[in-house]
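Below: the structure, in structure tokens.
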Amino acid sequence: MWVIYVLCVLSLILFAMRKLYLKKYKVLKNVCVVVLGDLGRSPRMQYHVLSLIKEGFTVDFIGYSGASPLKEIQESVRVRIYYLPPPPDISNNFPSLVRYVTKTLWQTVSLIRVLFKKPVVSSHVLLQNPPAIPTVPVCWFYCVAVNSQFIIDWHNYAYSIMALNLKNDHLLVKLAKAIEIFFGSRAQNNFCVSRALKEDLQGKWGIQAKVLYDRPIDKFHRISLTEKHKFLLKLSETYDAFKGPDKHSTIFTECISDEIHLKSKRRGFIVSSTSWTEDEDFSILLNALQEYENAVEEKVYNLPDLICVITGKGHLKEFYMAVIKLKKWKHVTILTPWLESEDYPKMLASADLGISLHTSSSGLDLPMKVVDMFGCELPVCAYKFNCLSELVKHNENGLIFSNYKELAAQLKSWFDNFPNNDVQHKLDEKFKLELHEFQKNRWHNNWYSIAFPTFQ
């Protein structure tokens, strides 16, 4: 609680200094968007920025460097990007509590420094949560000091993610939850990613939030067969698994008399995007692919070989890559390519089936990767959890599985006698009709009707 008392005292001091501060810095139609993470790997917050500048705001975008933000953001004269200095790399010889406190203090000081030194006083501060510490108290502190509107976009609960590595009764988890509740309930406005999260925020903490569903931006769309062929040719220059028998063909497509065709006999192509973290059990996909490999060997089904592309970064990637290397599969190939931001939508649009392993630490957030796949009209097999039905409806716009055996059965059913499976073809067409309807409400239209009034 001492942290709360200190911040309250400091806020009173700064409140008294507010008039002097506002005389020095001009208040404009400016929104400060804060992410205590890699800006380039924070798609939803980048989409907020795109919509804000489209509606005439200037934006101060604060977070860490890493992956490049969207090109439209980097090139916009309405956006100023402020990169926070990364925390010092503390040896694992120190206790975890010492490392955590040191990192938090570093982030607190660096974030306060950027907020109060930037030349424009923001009329609104939009914060991504999680992480909650120290961003939620620091941004609240800034808003109190300069009289800005404090807005939180709830993607999940920070304490529930922390509890994946620590027990729920751990001191740090309890402290994180208390801080998240105390300061989170002081936001003037809130957005959240699902109806289930909205109801939970209201029921547990009395926080009123607007449901702002993720929707695909325009770059996630269906592509022509010619575009698919060009993209796959580009991939084949780096990855031999995509190469065809000659330089004008790929493993999936070929050029005959200057016309592009899908090969009548080709491999299946599945794609999964993962953050390689504890809230995605990657072993489910590996076990399902092992069953698929066994089925091909046993020739019970008429199954093609599979190429499985997995994108994303995360701290568990090296562990699972080591597991993959031990597999001696003949019929399943796993690739983890590095993709430029403009190539990721093309990868999704080129695949036959998408896989989502997202489980959610709270069971209340929805996988944005599925939204991206839906934007490209890519049917999805998604892991089942509490509120998934708000996005994926089994046998209506996708398939849902609860374990690796169910996923393996879906893969075998989807690719049996591929690509001439009439049952699969009819289901694929049914899903794509639903996804075509889903695409009609893109990110900005949805944002404008739900979020824009908050910034007026």
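Being a predicted model, the structure only gives us computed values, none of them experimental.
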[X] atom [atom1], neighbour heavy-atom count above 12 within 6.0 Å:
{"X": "K393", "atom1": "NZ", "result": "yes"}
{"X": "K219", "atom1": "NZ", "result": "yes"}
{"X": "K325", "atom1": "NZ", "result": "no"}
{"X": "H425", "atom1": "NE2", "result": "no"}
{"X": "K412", "atom1": "NZ", "result": "yes"}
{"X": "H436", "atom1": "NE2", "result": "no"}
{"X": "K230", "atom1": "NZ", "result": "no"}
{"X": "K263", "atom1": "NZ", "result": "yes"}

Take H331 and E297 through the test side-chain hydrogen bond (donor to acceptor under 3.5 Å, both in side chains) and record every step on the way to the result.
-> CA-CA 8 Å; H331 305 285; E297 285 285 312; 2.6 Å; yes

When you measure from the side chain of [X] to the backbone N and O of [Y], does any donor-acceptor pair fall under 3.5 Å?
{"X": "S76", "Y": "I73", "value": "no"}
{"X": "S194", "Y": "L364", "value": "yes"}
{"X": "E390", "Y": "R195", "value": "yes"}
{"X": "E254", "Y": "H261", "value": "no"}
{"X": "Q439", "Y": "P216", "value": "no"}
{"X": "K430", "Y": "N395", "value": "yes"}
{"X": "Q149", "Y": "F455", "value": "no"}
{"X": "K198", "Y": "A209", "value": "yes"}
{"X": "S148", "Y": "S122", "value": "yes"}
{"X": "S272", "Y": "S356", "value": "no"}

Carefully, step by step, assess Q290 and N294 under the rule side-chain hydrogen bond (donor to acceptor under 3.5 Å, both in side chains).
-> CA-CA 6 Å; Q290 181 65 65; N294 296 341; 3.1 Å; yes

Do the non-hydrogen side-chain atoms of [X] and [Y] ever get within less than 4.5 Å of each other?
{"X": "Q46", "Y": "I217", "result": "no"}
{"X": "V136", "Y": "E180", "result": "no"}
{"X": "T250", "Y": "L235", "result": "no"}
{"X": "Q410", "Y": "L353", "result": "no"}
{"X": "W154", "Y": "I207", "result": "yes"}
{"X": "Y301", "Y": "N417", "result": "no"}
{"X": "C308", "Y": "I310", "result": "yes"}
{"X": "H48", "Y": "L212", "result": "yes"}

Give the intermediate values and the outcome of side-chain contact (heavy atoms from CB on, under 4.5 Å) for residues Y83 and Y64.
-> CA-CA 5 Å; Y83 287 119; Y64 288 110; 5.7 Å; no

Provide the closest heavy-atom pair for [X] versus [Y] in the form atom of the first, atom of the second, distance.
{"X": "L378", "Y": "D352", "result": "CD1-C, 3.7 Å"}
{"X": "K29", "Y": "E55", "result": "NZ-O, 3.7 Å"}
{"X": "D214", "Y": "M368", "result": "OD1-CE, 3.7 Å"}
{"X": "A241", "Y": "I251", "result": "O-CD1, 3.4 Å"}
{"X": "L435", "Y": "P379", "result": "CD1-N, 4.2 Å"}
{"X": "L39", "Y": "I62", "result": "CD2-O, 3.5 Å"}

Report yes if the distance between the aromatic ring centroids of F61 and Y82 is under 6.0 Å, otherwise no.
-> no

Report the C-alpha separation of F231 and F242 in whole Å, then their side-chain angles, then the decisive distance to 0.1 Å, and conclude whether the side-chain contact (heavy atoms from CB on, under 4.5 Å) test is met.
-> CA-CA 10 Å; F231 171 66; F242 290 99; over 6 Å; no

Kindly indicate, with the supporting measurements, whether the criterion side-chain contact (heavy atoms from CB on, under 4.5 Å) is fulfilled by F191 and L126.
-> CA-CA 10 Å; F191 305 124; L126 174 61; 4.2 Å; yes

Check the pair W443, L50 against side-chain contact (heavy atoms from CB on, under 4.5 Å), reporting the backbone distance first and the verdict last.
-> CA-CA 10 Å; W443 167 265; L50 291 178; 5.9 Å; no

Rounded distance [0.5 Å steps], [atom1] in [X] versus [atom2] in [Y]:
{"X": "H229", "Y": "S236", "atom1": "NE2", "atom2": "OG", "value": "8.5 Å"}
{"X": "N189", "Y": "I151", "atom1": "CG", "atom2": "CD1", "value": "5.5 Å"}
{"X": "N441", "Y": "S449", "atom1": "CG", "atom2": "OG", "value": "6.5 Å"}
{"X": "E377", "Y": "L348", "atom1": "CD", "atom2": "CG", "value": "12.5 Å"}
{"X": "D60", "Y": "L115", "atom1": "CG", "atom2": "CG", "value": "9.0 Å"}
{"X": "L225", "Y": "T253", "atom1": "CG", "atom2": "OG1", "value": "7.0 Å"}

Does Y320 have any ring pair (Phe, Tyr, Trp, His ring centres under 6.0 Å) partners at least two apart in sequence or in another chain, and if so, which?
-> F282

Result of checking D372, D153, D365 against R44 for salt bridge (Lys or Arg N to Asp or Glu O under 4.0 Å) | D153

Mutual orientation of the aromatic rings belonging to Y157 and Y159 [parallel < 30°, tilted 30-60°, perpendicular > 60°] = parallel

Which class fits the ring pair H444 and W447: parallel under 30°, tilted 30 to 60°, perpendicular over 60°?
-> parallel

Please determine which of F431, Y213, F220, F438 meets the ring pair (Phe, Tyr, Trp, His ring centres under 6.0 Å) test together with F374.
-> F438

CA sep, side-chain torsions, deciding dist, call: K440, E437, salt bridge (Lys or Arg N to Asp or Glu O under 4.0 Å) | CA-CA 5 Å; K440 290 181 179 179; E437 288 299 312; 2.9 Å; yes

Going by an N to O cut-off under 4.0 Å, is there a salt bridge joining K346 and E227?
-> no

